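For clarity, every value in this text was computed on a predicted model and none was experimentally measured. Labels below follow one simple rule: chain letters A, B, ... track the order of the sequence lines, proteins then strands, and each chain is numbered from 1.
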Number of protein chains: 2
Amino acid sequence: MVRRTRAAMEATRATLLATARRVFGERGYADTSMDDLTAQAGLTRGALYHHFGDKKGLLAAVVEQIDAETDLRLQAISGTAEDAWQGFCDRCRAYLEMALEPEIQRIVLRDARAVLGGTLPNSQRHCIASMQRLIDNLIQQGVVAQADPRALALLIYGGLAETAFWIAEEDDGNVRLAQGAAALKLLLRGMLVEPGSS
Amino acid sequence: MVRRTRAAMEATRATLLATARRVFGERGYADTSMDDLTAQAGLTRGALYHHFGDKKGLLAAVVEQIDAETDLRLQAISGTAEDAWQGFCDRCRAYLEMALEPEIQRIVLRDARAVLGGTLPNSQRHCIASMQRLIDNLIQQGVVAQADPRALALLIYGGLAETAFWIAEEDDGNVRLAQGAAALKLLLRGMLVEPGSS
DNA sequence: ACTGATTCATACGGGCTGTATCTATTGCCC
DNA sequence: GGGCAATAGATACAGCCCGTATGAATCAGT
């Protein structure tokens, strides 16, 4: 199969990305061989190293894609709410549920941190940045108490990710999901200027 | 160097563990070769595979050790406080600072999750279990609102870990540490039965 | 149509992991 | 105290995987 039109070239990149996303999600980054992965995509490692540089580069591209999608899905939730505070709470809850999806859990929350570094400078940027903006707005509106929005966003985001692992290890996670959501509600109300009114 | 007394055997294990702890902390798990590691300990891989089974087993033992030490250090803090709630807050703050230490950050928070699994069933158990017990007591005393202690502990623990990465990436993390601690204080007060009184 | 650049395949070298084998010493039991 | 099983740990081996270097085929521009 040797086709090299401009369209076919971008198709190659997309195929590689989609295959990597699937295989990384199933087997994890470390247990995935680049020979197997490219073979499943009907290509060889030559294409991969040309488009993504190395294995880490491929993972970074996958994480970038997942993060962008996740952020879009979350914005659809927090954007529709009438009340800004309620929209924020809904978004947190929605993230907790999305963090249960095997793809996000394994690729973004497990492998990406170890391979790409602690803070994930480029990727996973959108989700946290969006949450930070939401918080910032709430502070401006006088709903949330004065604090660094970034610190708050990270505190919440990290907590949700950790809790998601705990929920996901249970066969029927519905009980734990409810418990996690309830506990989340408690912590979130502390951010309010008037915590008692929640 | 062939010495095989019972004492020397345990010394071998301890040497391997200490070397692994140092090298994993410096270079990270993935970039550490077992040949190099054992050579630095004055041994060969034969000893390593005999005592720990495989590379993951060695990491698990290191994490176990670090977690136990961390828990002891934290208990020393929360145990001395007069007020149980204040002791709990101090412990959270202390954990935030300890999560800045390169050894804990790289080995426990970065590599361990990816290599050993999301929830770290055995290791890292002590720290969270202790925090869970503290929360449980506070709920029993009517200080903290009714909620699942485990979910609360994970929410806080995960948030602190994530925030620690953000603090550590800054050269002088004192500003961010203060911001993180302030944001933490907000979230924690939400747990109280009477959040306004904090 | 010719030239340079690009896409992707193939071939190669090096390193790392895990296992199997082997030796020597230790502890146990008589 | 001597023989024997068990174990600590070194050495050798096979296999896998990654990254790079090389090469061929096609596309773009003039």
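An OP1 or OP2 oxygen of dC8(C) is reached within less than 4.0 angstrom by no side-chain nitrogen or oxygen of H50(A). Between H51(A) and dC8(C) there is a side-chain N or O to OP1 or OP2 distance below 4.0 Å.
Minimum atom distance to the side chain of D54(B) is reached by dG18(C), of the listed dG18(C), dA10(D), dC8(C). Closest to the side chain of A47(A), from the set dG9(D), dG19(D), dA9(C), is dA9(C). Distances were taken from every side-chain heavy atom of Y49(A) (C-beta onward) to each of dT7(C), dT20(D), dG9(D); the shortest belongs to dT20(D).
Here dT7(C) presents its P atom at 10 Å from CD of E10(A), a figure rounded to the nearest Å. In this structure, R13(B) places its CZ atom 15 Å from C1' of dG9(D), rounding to the nearest Å. Atom CG of L58(A) is separated from atom P of dG19(D) by 11 Å (rounded to the nearest Å). The interatomic distance linking L48(A) (CG) with dT10(C) (C1') rounds to 15 Å, in whole Å. Remark: C1' of dC16(C) and CG of L37(B) are 13 Å apart, rounded to the nearest angstrom.
If you check residues 23-30 of chain B against DNA chain D, you find no residue with a heavy atom closer than 4.0 Å.
Side chain of K55(A) to main chain of Y49(A): no donor-acceptor pair is present (N/O by atom type, distance under 3.5 Å, no hydrogens or angles). A distance-only check finds a donor-acceptor pair linking the side chain of D67(A) to the backbone of H126(A) [under 3.5 Å].
Hydrophobic clustering (ILVMFWY, side-chain heavy atoms < 4.5 Å, transitive): V63(A) and L48(A) are in one cluster.
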Nucleotide N/O to protein N/O under 3.5 Å, stretch nucleotides 11-17 of chain D:
none

Give the table of side-chain donor-acceptor pairs shorter than 3.5 Å for residues 141-148 of chain B, with sequence neighbours excluded, one pair per line with atom names and distance.
unit_1, atom_1, unit_2, atom_2, d
D148(B), OD2, R150(B), N, 3.3
D148(B), OD2, A151(B), N, 3.0

Acceptor/donor pairs from residues 35-46 of chain A side chains to any protein atom, 3.5 angstrom cut, sequence neighbours excluded:
unit_1, atom_1, unit_2, atom_2, d
T38(A), OG1, M34(A), O, 2.7
T38(A), OG1, D35(A), O, 3.1
Q40(A), OE1, R22(A), NH1, 3.3
Q40(A), OE1, R22(A), NH2, 3.0
T44(A), OG1, G46(A), N, 3.4

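In this structure the side chain of I104(A) reaches within 4.5 angstrom of the side chain of M98(A), judged on heavy atoms.
Looking at residues two or more places apart in sequence or on another chain, you find a ring-ring contact (aromatic ring centres under 6.0 Å, His included) between F88(A) and W85(A).
For residues 10-46 of chain A, the pairs satisfying ring pair (Phe, Tyr, Trp, His ring centres under 6.0 Å) are F24(A)-Y29(A), with sequence neighbours left out.
Of the N and O atoms on the side chains of R21(A) and Q65(A), at least one donor lies less than 3.5 Å from an acceptor on the other residue.
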